[in-house]
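See structure below.
Atoms considered below: every heavy atom in the structure, side chains included; atoms not considered: hydrogens, waters and symmetry mates. Proteins get letters first, then strands, A, B, ... in listed order; numbering begins at 1 in each.
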Protein chains: 2
Amino acid sequence: MAVPSVPASAATDVEQAMFEFVDAYNQAWEAAANEHGLSTAHACVLGRVETRRSMGKLAEELRCDASNITQIVVRLETRELVRREPNPEDRRSRQIVRTPSGDDLYGAFEESFEFPRSAAANLTVAERKQLTALLRKAMRG
Amino acid sequence: MAVPSVPASAATDVEQAMFEFVDAYNQAWEAAANEHGLSTAHACVLGRVETRRSMGKLAEELRCDASNITQIVVRLETRELVRREPNPEDRRSRQIVRTPSGDDLYGAFEESFEFPRSAAANLTVAERKQLTALLRKAMRG
DNA sequence: CGAGATTGCTTGATCGACTCAAGTAACCGT
DNA sequence: ACGGTTACTTGAGTCGATCAAGCAATCTCG
């Protein structure tokens with residue numbers, strides 16, 4: 001599915017453009033993940049643990065239940081893409097880190113997720129600045 | 001989860017802004033759906049059938065298996081949000097239509113999905129035009 | 001016309017993602 | 001040191017998604 005969607009009849013022109021952009025982004029993101037044998041959930045987690053993080057922090061950042069994270073991390077661990085290390089300062093907690101092969105895989109994934117890069121490349125320097133400013137302003141502010 | 005994500009370390013400024021925008025959009029969309037007791041999949045389908053569509057067309061538009069659509073439409077039908085009508089021109093095919101209460105619910109959902117509207121409202125008319133143009137250009141040409 | 005392929009959808013099996021409730025171990029406060 | 005809280009795990013259950021099979025309607029072409 002992976003389609004935020006809004007029927008073809010989407011309101012104004014900007015709104016339509018926003019929808020199309022978001023949809024294209026989402027699609028490209030999912031496709032890139034799949035290319036590397038990652039589900040979107042796995043890619044999310046793998047992305048976050050570029051720097052060491054606890055399970056709880058991951059759950060919070062990804063806005064889901066801790067038990068969901070457990071499950072995903074376990075699968076990533078059996079694929080040896082991440083490791084769960086004990087936290088010497090709090091033995092309840094576990095620190096998740098990418099393994100070197102996790103780094104490689106995620107690197108390859110990012111590489112093939114060229115949508116944002118190529119979107120940026122379609123714009124001049126000035127336009128990029130403008131777009132950044134407009135997006136930020138649109139998002140409330 | 002619902003986080004396309006890219007680690008905090010996301011490349012350039014525009015790319016970061018794009019990510020944040022997409023993420024905010026996705027989140028708002030999902031939240032609006034949930035507010036009305038809709039999963040994202042249900043909201044997708046319900047949105048599409050504003051105008052009559054066959055199962056196959058839905059599957060194609062939403063890029064998923066036909067059996068997935070069957071399942072979702074069945075659930076929507078038991079909630080009386082859509083109806084499956086026979087297609088007199090091809091008795092294998094079924095036309096999906098929203099019921100009046102489906103219309104109401106989807107209307108309420110769209111109403112509460114104010115992200116794109118308010119994003120647009122944060123911009124001047126000229127800025128909206130600019131943003132539309134930039135997004136389209138970024139998306140390839 | 002009619003047998004064989006194709007199309008449109010449904011069913012059933014299976015898996016992953018997600019949530020919730022319950023459990024366990026470690027920590028913290030008094 | 002006991003009670004409550006925190007960090008995570010486990011188990012049950014649901015939904016979303018895909019695949020393989022099946023069935024009926026339609027199409028095709030000899």
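Two residues are said to be in side-chain contact when any heavy atoms from C-beta on lie closer than 4.5 Å; Leu81(B) and Leu46(B) meet this criterion. Side-chain contact check for Arg83(A) versus Gln95(A): every heavy-atom pair is 4.5 Å or farther apart. Side-chain atoms of Asn122(B) and Arg136(A), non-hydrogen and from C-beta on, never get closer than 4.5 Å to each other. In this structure, Arg79(B) and His42(B) have side chains that are in contact, with non-hydrogen atoms separated by less than 4.5 Å.
The CD-C1' distance, from Glu60(A) to dA7(D), rounds to 13 Å in whole Å. The distance from atom CD of Glu77(B) to atom P of dC9(C) is 14 Å, rounded to the nearest whole Å. One can place CG of Asn68(A) at 16 Å from P of dA21(C), the figure rounded to the nearest angstrom. For the pair Arg53(B) CZ and dG8(C) P, the computed distance is 16 Å after rounding to whole Å. Protein atom CD of Gln95(B) is 12 Å distant from nucleotide atom P of dG8(C), rounded to whole Å. Residue Asn34(B) contributes atom CG, which lies 13 Å from atom P of dC18(C) at whole-angstrom precision. Here the P atom of nucleotide dA17(D) and the CD1 atom of Ile69(B) are 8 Å apart, to the nearest Å. For Leu58(B) and dG16(D), the CG to C1' distance is 16 Å, given to the nearest whole Å.
Nearest nucleotide to the side chain of Met55(B), out of dC8(D), dA17(D), dC9(C): dC9(C).
Side-chain contact, Arg53(B) with Thr51(B): a donor N or O sits under 3.5 Å from an acceptor N or O. A donor-acceptor contact under 3.5 angstrom links the side chains of Arg63(A) and Gln27(B), judged on distance only.
Residue-level contact check: Ser39(A) touches the backbone only, with heavy atoms under 4.0 Å from sugar-phosphate atoms and none from bases.
Regarding contacts with the backbone of dG16(D), every side-chain N or O of Thr40(B) stays at 4.0 angstrom or more from both OP1 and OP2. Phosphate proximity of dG16(D) to Arg75(B): present, with a side-chain N or O under 4.0 Å from OP1 or OP2. Of the side-chain N and O atoms in His42(A), none sit less than 4.0 angstrom from OP1 or OP2 of dG16(C). Between Ser93(A) and dA7(D) there is no side-chain polar atom (N or O) within less than 4.0 angstrom of OP1 or OP2.
Side-chain N or O atoms of His36(A) include one that pairs as donor or acceptor with a backbone N or O of Ala108(A) at under 3.5 Å. Under the 3.5 Å distance criterion, the side-chain polar atoms of Glu77(A) are left unmatched by any main-chain donor or acceptor of Val74(A).
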Seminar exercise, completed: Per-residue pairing states of DNA chain C in dot-bracket (Watson-Crick or G-U under 3.5 Å; . unpaired, | other strand) read ||||||||||||||||||||||||||||||

Exercise. What one-letter contact string describes nucleotides 20-26 of chain D from 5' to 3', where B marks a base within less than 4.0 Å of any protein heavy atom, S marks contact via sugar-phosphate atoms alone, and - marks no contact?
Worked result: -----BS

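With Val45(B) as the partner, the side-chain contact (heavy atoms from CB on, under 4.5 Å) test is satisfied by one option alone out of Asn68(B), Val82(B), Leu38(B), Ile72(B): Ile72(B).
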